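Report on the structure given below.
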4 protein chains.
Amino acid sequence: MASGLEPIMTVADLRAFFAEAFPQALGGPSEETLIEEIGPGRVLIRRKVSDANLRPGGTVSGPTMMGLADHAMYAVILAHIGPVALAVTTNLNINFLRKPGLQDLLAEGRLLKLGKRLAVGEVTLFNEGEEDDPVAHVTSTYSIPPNR
Amino acid sequence: MASGLEPIMTVADLRAFFAEAFPQALGGPSEETLIEEIGPGRVLIRRKVSDANLRPGGTVSGPTMMGLADHAMYAVILAHIGPVALAVTTNLNINFLRKPGLQDLLAEGRLLKLGKRLAVGEVTLFNEGEEDDPVAHVTSTYSIPPNR
Amino acid sequence: MASGLEPIMTVADLRAFFAEAFPQALGGPSEETLIEEIGPGRVLIRRKVSDANLRPGGTVSGPTMMGLADHAMYAVILAHIGPVALAVTTNLNINFLRKPGLQDLLAEGRLLKLGKRLAVGEVTLFNEGEEDDPVAHVTSTYSIPPNR
Amino acid sequence: MASGLEPIMTVADLRAFFAEAFPQALGGPSEETLIEEIGPGRVLIRRKVSDANLRPGGTVSGPTMMGLADHAMYAVILAHIGPVALAVTTNLNINFLRKPGLQDLLAEGRLLKLGKRLAVGEVTLFNEGEEDDPVAHVTSTYSIPPNR
């Protein structure tokens, strides 16, 4: 994880930002996702599992996982640069590791680099209590608008 | 694109398979996506734009694009190996190239390799009539179950 | 491929640039790689196979293929923006598709997007005469310095 | 990192395997890379910096970093499944984070999943003493031959 990072938004700040700006950005009601922790270079987000994002066979769908990872990346960047609505994803790479269980999904996002123009991070997706056996791993790059 | 490929499912076959197996696999009603063409090593899928998958600012959300690309990859694989419900995505890498317009999104999936255990392909996402200026490009790998 | 692109460097320009700037950038003498064609949004590069880049079993090594793809991406960008030595790779994603043969390797690089700050492209690696059965597929992003 | 992993090869085992099997696999003499540590789900490899892998401007080349990361992935897999020369890279995704310094490069490889058919891991590349500011981050997938 990149060193020397200090968040400038609180959990409450981020929750308020997302509730207002992205009611449906993740293909589902925002009540389904909850920002739980913010730390230096890191955020933790919870995705409540509901019928709406289950696929036959009963696991969370790939797009739901990709959306959650993108949300975690966006959150960890905003937490450190402030609410820059124009930051956009330029790349997202996901490796699906194992079938998620029916518990809530947690996404831990960590910044690998926070530059002036680009932010790079990784996100680990895991079911509650199974952090050592992640269901998916994501790396992603965001482009940050100039003169923010 | 990999050579020597011949589809063994028709557009009607695939539409019926997805309507039955994945009513909500893409985080939205399946009527929103329509398989339009199947050819050697290739499929074309349409995603109708609706309020449900728009984000503020009016473009299609990243998760919607990732879900559409995953759908196109799955469709081009099934079209060539038959309905193998257990084929699973192992990797998806997406580069977001430009902001999509409000028209329908088309996804052209092409197989780069169709092996016994792994299938690799690329998907180009573009607004109707703008194939030369794609909004996103995806590469993805699927794991194919043995003894299919 | 992105539309409306016109190269501003010739094959001779690029050969001269690489011969001077990167005698060993690819982990081998530059005589081993040769820029063969430049077109709108596209370059073709040849990698002569030599003992120095063969691994036991006799195929080209992965790092050799990744270096060749990176070279093709850099070349197709420079061909369209001029010799900007400070353009740097920010991401490279490679899918290895099949074992290369002992013939020369060709790399066709195509621009998917050429923006002010970022360029995104794909590179297909194939043995001569086997363009339809590529040995590897690459997508890559370069960061372009401001005020070039 | 995946849980429940125990290495079955020692540092000496792996050094002997690579010295014999891949004298030039990384585009340079194997003396330049040294396996330093093996632990549960993890390896640490050192790449000595030499003139041969420096590019103008004096940093390690991208292909050198990609080769080192691939070496670390292969090493961490073999350390846990034994010397399976036929395990092959199917995907490698690298994010270049900052310009490496002239010190030796260290690569820490960690397994995210070790399945029967696929192994997925991540590799962090950093200059000695700067683990918190990595120069590059890699995720990679290997295909493992059946009936090993």
Side-chain angles (χ1 to χ4, degrees), chain A residues 17-30 32-33 47 50-74 83 85-100 107 135-143 145, chain B residues 17-30 32-33 47 50-74 85-100 107 118 135-143 145:
Chain A
F17 174 81
F18 280 109
E20 182 180 348
F22 298 98
Q24 50 177 228
L26 304 178
S30 58
E32 286 186 0
T33 64
R47 173 78 172 187
S50 72
D51 293 349
N53 49 44
L54 289 185
R55 72 190 309 154
T59 63
V60 176
S61 73
T64 297
M65 289 192 270
M66 293 186 274
L68 178 59
D70 188 45
H71 189 176
M73 259 302 288
Y74 194 31
L86 293 178
V88 294
T89 314
T90 59
N91 173 267
L92 186 146
N93 182 67
I94 183 165
N95 286 295
F96 295 96
L97 303 171
R98 52 187 59 79
K99 204 173 167 182
V135 298
H137 180 276
V138 170
T139 55
S140 181
T141 300
Y142 265 66
S143 178
Chain B
F17 174 82
F18 280 108
E20 183 182 346
F22 298 97
Q24 50 177 227
L26 304 179
S30 59
E32 285 186 1
T33 64
R47 172 79 172 187
S50 72
D51 293 349
N53 49 45
L54 288 186
R55 73 190 308 154
T59 64
V60 175
S61 73
T64 298
M65 289 193 268
M66 293 186 273
L68 179 59
D70 188 46
H71 189 177
M73 259 302 289
Y74 195 30
L86 293 179
V88 294
T89 314
T90 59
N91 173 267
L92 186 146
N93 183 67
I94 182 165
N95 285 296
F96 295 95
L97 303 171
R98 52 188 60 78
K99 205 174 167 180
L118 293 176
V135 298
H137 180 277
V138 170
T139 56
S140 181
T141 300
Y142 265 66
S143 177

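To find a chain, count down the sequence lines: A is the first, B the second, and so on, and within it residues start at 1. Because the structure is a prediction, the values reported are computed rather than measured.
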- Query: Just by modelled atom types, is the Ile94(B) backbone N or O under 3.5 Å from a matching donor or acceptor in the Asn91(A) side chain?
  - Reply: yes
- Task: Can you see which heavy atom on Pro63(A) is nearest to which on Gly67(B), and at what distance?
- Result: CG-CA, 3.6 Å
- Message: Nearest 0.5 Å, please: how far is CZ in Phe96(A) from OG in Ser143(B)?
- Response: 13.0 Å
- chain A interface, residue from Asn95(B), Leu92(B), Thr141(B), Thr139(B) that has the most non-hydrogen pairs under 4.5 Å: Leu92(B)
- Query: Which residue out of Thr89(B), Asn93(B), Leu97(B) racks up the most heavy-atom pairs below 4.5 Å with chain A?
  - Reply: Asn93(B)
